[in-house]
Amino acid sequence: MIFELKKTDDKSSARAGEITTGHGKIKTPIFMPVGTVGSVKGIHISDVKNDIDAEIILGNTYHLYLRPGTDIIEKAGGLHKFNGWDKPILTDSGGYQVYSLSDTRKLTNEGVVFQSHIDGSRHNFTPENVIDIQRKIGADIIMAFDECTPYPCEYNYARNSMDITHSWLDRCITHMKNTEPLYGYEQTLFPIVQGSTYKDLRKKSAEYIASCGADGNAIGGLSVGEPHEMMYEMTELVCGILPKDKPRYLMGVGTPANILEGISHGVDMFDCVMPTRNGRNGMLFTKNGIINIKNEKWKDDFSLIDEEGDSYVDKQYTKAYLRHLFTAKEMLGGMIASQHNLAFYLWLVREARKHIIDGDFAQWKNVMVKKVAQRL
RNA sequence: GGGGAGAUACCGAAGCGGUCAAACGGGGCAGACUGUAAAUCUGUUGGCUUAGCCUUCGGAGGUUCGAAUCCUCCUCUCCCCA
């Protein structure tokens with residue numbers, strides 16, 4: 001994997017760059033749609049590619065391992081062949097499930113035993129087999145196995161968890177070196193900074209991760225309920241320590257405003273379920289603010305979903321019609337909203353990149369952050 | 001024509017003397033959602049000057065300290081038989 005910095009902003013830490021992978025290039029900053037079980041929920045792969053113009057999507061180790069099972073993915077020839085997405089894929093390691101499924105798992109220094117949310121069966125995840133699974137999935141970017149700590153989190157728990165995540169990282173790096181990609185293209189490991197909301201822990205973790213010399217680095221354990229200012233503060237602190245010549249990935253973030261702030265602090269990659277999940281639940285993100293399309297006020301608004309939107313759904317359907325679909329519980333409603341939201345998120349990061357290159361990112365960002373957070 | 005059942009809030013439907021402004025569904029309205037156990041979940045749903053008061057359980061009377069609940073009459077609906 002190669003990362004090339006194209007431009008750095010004068011008035012902020014924002015950067016424009018380009019990542020080259022075995023499945024093509026990614027222009028940064030980038031938003032990566034989440035496709036947990038191998039599908040970006042509700043969206044055809046052709047629309048992810050041609051309408052939304054996504055450059056890379058996510059998959060999830062825990063979920064794909066449980067279903068359809070690593071053997072099926074391997075038989076298919078990897079996730080790219082299985083779902084038909086021929087651009088880069090990044091897989092999360094299951095570290096987020098250590099957090100989100102905390103009621104049904106047991107964490108030790110060795111790894112994590114999960115009880116399947118599907119059938120209750122027990123499954124052992126270690127840094128080593130998580131790498132093996134991701135090798136078989138065939139992700140271009142592989143995430144290290146970590147614990148995403150909850151918020152709030154006691155200092156001692158956060159410190160101990162960070163130490164475990166670091167030790168797991170060492171084992172991931174070793175295991176990456178001892179294994180080979182299965183499908184003929186390079187796979188790159190991203191380590192993950194943890195440390196909850198404690199500055200000293202974040203600093204220590206960022207220094208540790210920086211010292212590993214990986215081709216890209218991630219910031220985890222944020223956007224789990226902490227105040228936005230805290231998230232920005234941690235992001236800024238960590239980005240100041242992580243190497244400048246490697247891409248930085250802020251995991252699980254976020255709202256359009258979160259993403260713009262993240263970019264201004266030097267983040268290059270983002271992913272979040274928000275455009276799809278909130279879309280399925282009737283929330284539309286637009287450059288002028290947030291719409292709850294289920295609200296009564298849209299019932300006879302026959303204007304287009306988003307006059308300035310890039311997706312064909314924006315010009316194909318009206319707000320009143322989309323509201324009707326939600327009211328009638330038609331699945332097309334969630335699909336349209338998801339597609340609109342993803343197209344908007346991709347527009348947002350492309351526009352950010354343009355402004356970084358043009359040199360007026362900071363002032364553009366300050367205006368946009370306010371606009372996109374408004375309630376319409 | 002004969003026999004039977006019933007009328008409760010936006011709709012369906014419990015309640016069968018006080019703890020009933022009335023369970024529970026649905027619908028309506030609003031909110032939440034951040035490396036997806038989510039096409040899910042939560043709140044709210046008579047009015048008002050809201051620790052209280054006012055008006056509501058088909059209509060009109062009545063019994064009772066007290067009625068959605070008991071009695072009388074009326075109106076309407078549904079089912080069965082002819």
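Protein chains get the first letters and strands the later ones, always in sequence-line order, with residue 1 at the start of each.
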- Taking the P atom of each, how far is B:rG12 from B:rG27, in whole Å? 15 Å

- State which of B:rA37, B:rU34, B:rU40 makes the closest approach to the side chain of A:His63. B:rA37

- Measure centre to centre between the rings of A:Phe285 and A:Phe344, then say whether the value is under 6.0 Å. no

- Among the nucleotides B:rU40, B:rU34, B:rA30, whichever has the atom closest to the side chain of A:Glu296 is B:rA30

- Message: Over all strands shown, is A:Gly252 touching base, sugar-phosphate only, or nothing at heavy-atom distances under 4.0 angstrom?
- Response: base

- Task: Quick one: look up who B:rG43 pairs with, Watson-Crick or G-U, both distances under 3.5 Å, and put none if it's unpaired.
- Result: B:rC29

- Using a 4.0 Å heavy-atom cut-off across all strands, classify A:Ser338 as base, sugar-phosphate, or nothing. nothing

- Task: Would you mind classifying the nucleic acid contact of A:Ile118 as base, sugar-phosphate or nothing, using non-hydrogen atoms under 4.0 angstrom?
- Result: nothing

- With ring pair (Phe, Tyr, Trp, His ring centres under 6.0 Å) as the test, would you mind laying out the steps for A:Tyr96 and A:Tyr99 before giving the verdict? CA-CA 5 Å; A:Tyr96 186 74; A:Tyr99 155 77; 5.2 Å; yes

- Task: Taking the side chain as every heavy atom from C-beta outward, state whether A:Gln97 and A:His63 have any pair of such atoms under 4.5 Å apart.
- Result: yes

- Query: Using purine N1 to pyrimidine N3 plus N6-O4 or O6-N4 for Watson-Crick, or N1-O2 and O6-N3 for G-U wobble, both under 3.5 Å, which nucleotide pairs with B:rU72?
  - Reply: B:rA60

- Of all pairs that satisfy salt bridge (charged side-chain N to carboxylate O under 4.0 Å, His left out), the ones with a partner from residues 2-17 of chain A, not counting sequence neighbours: A:Glu4-A:Lys6, A:Arg15-A:Asp268

- ring pair (Phe, Tyr, Trp, His ring centres under 6.0 Å) evaluation trace for A:Tyr345 with A:Phe31: CA-CA 7 Å; A:Tyr345 267 62; A:Phe31 177 80; 4.7 Å; yes

- Message: Measure CE/A:Met234 against P/B:rG35 and give the value in whole Å, please.
- Response: 20 Å

For nucleotides 24-26 of chain B, print each protein N/O atom paired with a nucleotide N/O atom at under 3.5 Å, atom names and distance only.
none

- Using atom P of each nucleotide, how far apart are B:rC29 and B:rU75 to the nearest Å? 40 Å

- Query: How many Å lie between OH on A:Tyr99 and C1' on B:rA37, as a whole number?
  - Reply: 14 Å

- Aromatic ring proximity, centroids under 6.0 angstrom, A:Phe114 and A:His123: no

- Note on the structure: Checking N1-N3 plus N6-O4 or O6-N4 for Watson-Crick, or N1-O2 and O6-N3 for wobble, each under 3.5 Å, the partner of B:rC24 is B:rG12

- Do A:His228 and B:rU34 have a side chain to base donor-acceptor pair shorter than 3.5 Å? yes

- Message: Going by purine N1 to pyrimidine N3 plus the second Watson-Crick contact, or the G-U wobble pair, all under 3.5 Å, which nucleotide sits opposite B:rC48?
- Response: B:rG52

- Item | P atoms of B:rU42 and B:rG25, separation to the nearest Å | 11 Å

- Item | Separation of the P atoms in B:rG59 and B:rU8, to the nearest angstrom | 10 Å

- Task: Could you tell me whether the phosphate oxygens of B:rC29, OP1 or OP2, come under 4.0 Å of any side-chain nitrogen or oxygen in A:Arg323?
- Result: yes

- Task: State whether A:Lys287 and A:Glu351 are salt-bridged, where the test is any N-O pair (Lys NZ or Arg NE/NH1/NH2 against Asp/Glu carboxylate O) under 4.0 Å.
- Result: no

- Query: If you measure from the C1' atom in B:rU56 to the same atom in B:rC73, how many Å do you get, rounded?
  - Reply: 23 Å

- Counting only heavy atoms not in A:Glu154, do more than 12 sit closer than 6.0 Å to its CD atom? no

- Applying the 3.5 Å cut-off to both distances, the Watson-Crick or G-U partner of B:rU34 turns out to be none

- Item | B:rA14 to B:rA37 separation - P atoms, rounded to the nearest Å | 41 Å

- Message: For a quick test of reading the model: is some side-chain N or O of A:Asn281 closer than 4.0 Å to OP1 or OP2 of B:rC41?
- Response: no

- Task: Would you indicate, yes or no, if B:rU40 has its OP1 or OP2 atom less than 4.0 angstrom from a side-chain nitrogen or oxygen of A:Arg280?
- Result: no

- Taking the side chain of A:Lys41 as heavy atoms from C-beta outward, which of B:rC29, B:rU36, B:rU34 is closest to it? B:rU36

- Message: With a 4.0 Å limit, can you tell me whether A:Ser223 has a side-chain N or O closer than that to the phosphate oxygens OP1/OP2 of B:rU34?
- Response: no

- Presence of A:Ser100 side-chain N/O under 4.0 Å of B:rA37 phosphate oxygens OP1/OP2: yes

- Task: Identify whether any heavy atom of A:Thr327 sits under 4.0 Å from a base atom; if not, whether one sits that close to sugar-phosphate; answer base, sugar-phosphate or nothing.
- Result: sugar-phosphate

- Message: At 4.0 Å (heavy atoms only), tell me whether A:Asn295 reaches a base, stays on the sugar-phosphate, or touches nothing.
- Response: sugar-phosphate

- Under-4.0 Å side-chain N/O to phosphate OP1/OP2 contact, A:Gln97 with B:rG35: no

- Message: Mind checking if A:Gln194 touches a base, just sugar-phosphate, or nothing, with heavy atoms under 4.0 Å?
- Response: base

- Item | Under 3.5 Å side-chain donor-acceptor pair for A:Asp140 and A:His23 | yes

- Message: Please classify the nucleic acid contact of A:Gly221 as base, sugar-phosphate, or nothing, using heavy-atom distances under 4.0 Å.
- Response: base

- Task: With heavy atoms under 4.0 Å as the rule, sort A:Asp271 into base, sugar-phosphate or nothing.
- Result: sugar-phosphate

- Query: How far, in whole Å, is B:rG43 from B:rG61 if one measures between their P atoms?
  - Reply: 42 Å

- Write down the distance between CE (A:Met274) and C1' (B:rA32), rounded to a whole number of angstrom. 10 Å

- Message: Just to be sure I understand the rule, does A:Asn60 reach a base, reach only the sugar-phosphate, or reach nothing, if contact means heavy atoms closer than 4.0 Å?
- Response: sugar-phosphate

- Query: Which other residues end up in the same hydrophobic cluster as A:Leu332, if Ile, Leu, Val, Met, Phe, Trp and Tyr are linked when side-chain heavy atoms come under 4.5 Å apart?
  - Reply: A:Leu284, A:Ile291, A:Ile293, A:Trp298, A:Ile305, A:Tyr312, A:Val313, A:Tyr317, A:Tyr321, A:Leu322, A:Leu325, A:Phe326, A:Ile336, A:Leu376

- Query: Now, which nucleotide makes the Watson-Crick or G-U wobble pair with B:rA5, with each of the two distances under 3.5 Å?
  - Reply: B:rU77

- Can you tell me how far C1' in B:rG17 sits from the matching atom in B:rA67, rounded to whole Å? 7 Å

- Under 4.0 Å between a side-chain N or O of A:Arg375 and OP1 or OP2 of B:rA32? yes

